[in-house]
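The structure under discussion appears below in the form of structure tokens.
Counting convention: from 1, in listed order, for ligands and their atoms alike. Sequence positions, counted from 1, serve as the residue numbers for this chain. Model, not experiment: these values are computed from the prediction. Side chains are part of it too, since the values below use all heavy atoms of this structure and drop only hydrogens, waters and symmetry mates.
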Amino acid sequence: MTTIPEERHLFIVFGGTGDLMKRKLLPAIYHLVENELVSKDQCIILGVSRSEMEEAEYRKWAMEALKSTGDFTEETTRTWCSDCLHFQSIANGEDKDYRRLAKRIETLESEHSLPGNRVFYLALPPVAFEPTIRGLGHVGLNHSGGWTRIVIEKPFGRDLNSAHALNEIIHKHFDESQIYRIDHYLGKETVQNLLVFRFANAIFESLWNREHIDSVQITVAEDLGVGRRGGYYDESGALRDMVQNHLTQLLTLVGMEIPVSFTAESIRAEKVKVLQSLRKIDTDNIVLGQYTEGEVHGEWVPGYLDEENVPYDSTTETFVAMRLEISNWRWQGVPFYIRSGKRLPERSTQIVVRFHRPPVSVFNPYDRCTVSSNSLILTLQPNEGVDLQFEVKSPGEPLNIQTHDLGFRYGDVFEPLPDAYQTLLLDIIQGDQTLFVHSDEVEASWKLYTPILEADLPVYDYPAGTWGPKQAIKLPRTYDERWFSL
Ligand code: BG6
């Protein structure tokens with residue numbers, strides 16, 4: 001179990017009345033306290049928002065939010081909210097408003113006897129990052145008597161230039177060691193397990209290279225559409241929303257070399273090297289798609305263009321599939337297929353590692369004895385687990401070969417997995433940057449994808465409830481590289 005961090009602090013959330021605070025941050029902090037991973041008087045929360053609100057009204061809002069996301073009891077949430085939760089308006093975000101905020105922070109620190117440790121969590125839309133960082137910097141809130149950390153939600157920039165500009169602004173006011181760029185995928189237990197799986201199991205690591213691996217596939221499939229986020233999503237698209245961050249993080253964890261130690265610096269350094277070794281992506285190796293109406297889990301759902309706040313003529317992609325190559329000693333010649341989309345047949349995040357087939361088949365007759373490649377399937381969600389597919393002789397004559405699984409399911413062994421935000425918030429509080437994205441990683445990743453964003457690529461239709469446009473199905477070059485789920 002993680003040790004309780006000793007340092008008392010103020011946890012300041014910009015976007016304190018927003019959706020992320022309501023659905024993720026508040027419940028995550030509350031669970032950390034409830035599970036005694038953070039002691040109650042150690043983490044005092046200050047919600048900050050443009051709106052004006054009485055503190056009592058804010059606590060009521062927070063209680064409702066907690067009740068709607070978990071089985072919280074009225075009594076304990078009420079006490080927690082009234083003891084630990086505060087609110088401050090930032091009005092129009094002018095210097096005088098930030099000075100007012102700074103005063104309030106000092107007052108709260110003295111009331112709660114806090115030593116000046118502060119987390120500033122920017123749970124804000126991307127346009128608000130820059131003014132907020134400047135606002136904090138101008139009134140000296142970037143440093144304090146204790147430690148100060150700043151947390152930034154994704155998307156971090158829209159392309160290489162904007163990500164670079166945002167990094168420059170942050171670095172003007174904050175040191176990299178103070179910055180926590182969130183990618184919530186890194187907080188998922190199963191994603192963290194990728195490193196343990198690779199580096200604590202020598203049998204797999206010795207096979208983890210071009211000599212033994214034929215191809216790697218990473219799929220992050222969602223059955224939901226864009227829901228009420230059409231406005232944001234249309235500006236973003238699947239490449240910015242999912243591929244540049246979540247899928248790329250998974251790719252780096254699968255592809256990286258063994259770090260010298262299990263520290264943030266060593267792990268991040270190895271991840272950056274993977275990004276730097278990725279070959280420029282040829283546009284023939286990319287397929288973009290947009291869902292049209294169709295049936296998902298037996299329900300007829302509208303197409304993307306009919307979603308709320310989506311322009312009727314939008315060409316934003318809701319699906320991306322691509323073939324990537326990591327040009328280094330370990331991976332030369334091994335294709336990495338990645339794919340992500342909304343309104344696919346199921347919600348599933350999977351990494352499939354396909355090993356080479358035996359070079360010759362010695363079994364006859366050939367039609368019943370075709371030997372498949374062994375596959376290792378890491379299911380990150382749902383029904384989290386690991387499966388190894390292997391060939392088995394089915395009993396009896398004549399000789400017949402079938403593929404079967406050796407499987408491990410988290411659910412058979414462990415309690416339900418914690419939400420990624422709980423893990424990440426605890427790391428922020430404890431000052432562990434291992435699961436956060438370094439400025440070099442963000443820029444290296446944008447460098448790879450910006451040319452694609454700037455290219456005028458066709459966006460093919462696919463009916464909701466299917467695995468993307470047919471062009472994507474044809475992307476794998478050989479039978480052995482075919483998509484694992486179709
Ligand atoms: C978010 C994207 O980062 O990740 C969403 O903005 C997406 O569009 C979500 O739905 C998927 O996360 P998860 O944890 O449900 O796989």
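- Protein residues with a heavy atom under 4.0 Å from ligand 1 are Lys154, His184, Tyr185, Lys188, Glu222, Arg229, Asp241, Met242, His246, Lys342, Arg347, Gln381.
- Judged as a side chain to side chain contact (heavy atoms under 4.5 Å, CB included), and not counting sequence neighbours, the contacts of Val272 are Gln276, Asp440, Glu441.
- Ion pair Lys172/Glu168 not flagged as a salt bridge, since none of the NZ, NE, NH1 or NH2 atoms sits closer than 4.0 Å to an Asp/Glu carboxylate oxygen.
- Only one option out of Met63, Met21, His31 pairs with Leu26 in a side chain to side chain contact (heavy atoms under 4.5 Å, CB included); it is Met21.
- With sequence neighbours left out, Asp214 forms a side chain to side chain donor-acceptor pair (under 3.5 Å) with His356.
- Checked against side chain to side chain donor-acceptor pair (under 3.5 Å), Thr349 has the following partners two or more places apart in sequence or in another chain: Gln381.
- Side-chain atoms of Asp175 come within 3.5 Å of backbone atoms of Ser177 as a donor-acceptor pair (strictly under, hydrogens ignored).
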